[in-house]
Amino acid sequence: MNSDWMNDPALAEIDKAKLEFLQALVFESRTLKREQMLPFLMAVAKRGQADHITFSNEEIENIVAVIKKESSPEEAATIDKMMRMRKK
């Protein structure tokens, strides 16, 4: 995914630093194997806390909607599954 998604009008109200944080997360995770993802995500969460990066529910919903527009049907289904797990 390239950085064009960050310019979507639906994300205009979200701080660019937050979007850049997410973009870096995507690029850094591209080459990871499945067993490397959990340690990576834990480190990202810690880095986000250190940088005081948090997302409101509305920001998360907007970001997910934009990312799904750029996703394949399989990726969109995975995103939907993750979002359902998040709400439980």
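Numbers here are sequence positions counted from 1. Predicted, not measured: the structure shown is a model, and the values here were computed from it.
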Applying side chain to side chain donor-acceptor pair (under 3.5 Å) as the test, list every pair that has at least one member in residues 41-50; sequence neighbours left out. Glu28-Arg47
Can you name the closest pair of heavy atoms from Ala76 and Ser71 and give their distance? N-CB, 4.0 Å
Do Trp5 and Met83 share a hydrophobic cluster, counting only Ile, Leu, Val, Met, Phe, Trp and Tyr and linking them when any side-chain heavy atoms are less than 4.5 Å apart? yes
Non-hydrogen side-chain atoms of Asp4 and Glu70 separated by less than 4.5 Å: no
Neighbour count above 12 (heavy atom, 6.0 Å) for Lys81 NZ: no
On a heavy-atom basis, which atom in Ile14 and which in Glu59 lie closest, and how many Å separate them? CG1-CG, 3.8 Å
Extract all donor-acceptor atom pairs below 3.5 Å that involve side chains of residues 31-45 and protein atoms in other chains or at least two apart in sequence.
| residue | atom | partner | partner atom | Å |
| --- | --- | --- | --- | --- |
| Gln36 | OE1 | Lys33 | N | 2.6 |

At what distance, to the nearest 0.5 angstrom, does CZ of Phe55 lie from CG of Leu19? 7.0 Å
Value for CG (Asn62) from CD1 (Ile67), rounded to nearest 0.5 Å, stands at 11.0 Å
In terms of hydrophobic clustering (I, L, V, M, F, W, Y; side-chain heavy atoms under 4.5 Å; direct or indirect links), are Met82 and Ile63 co-clustered? no
Looking only at atom types and distance, does a side-chain atom of Asp51 sit under 3.5 Å from a main-chain N or O of Ile53, one as donor and one as acceptor? no
Does the pair Met6 and Leu22 meet the rule for a side-chain contact (heavy atoms from CB on, under 4.5 Å), with working shown? CA-CA 10 Å; Met6 295 190 320; Leu22 289 176; over 6 Å; no
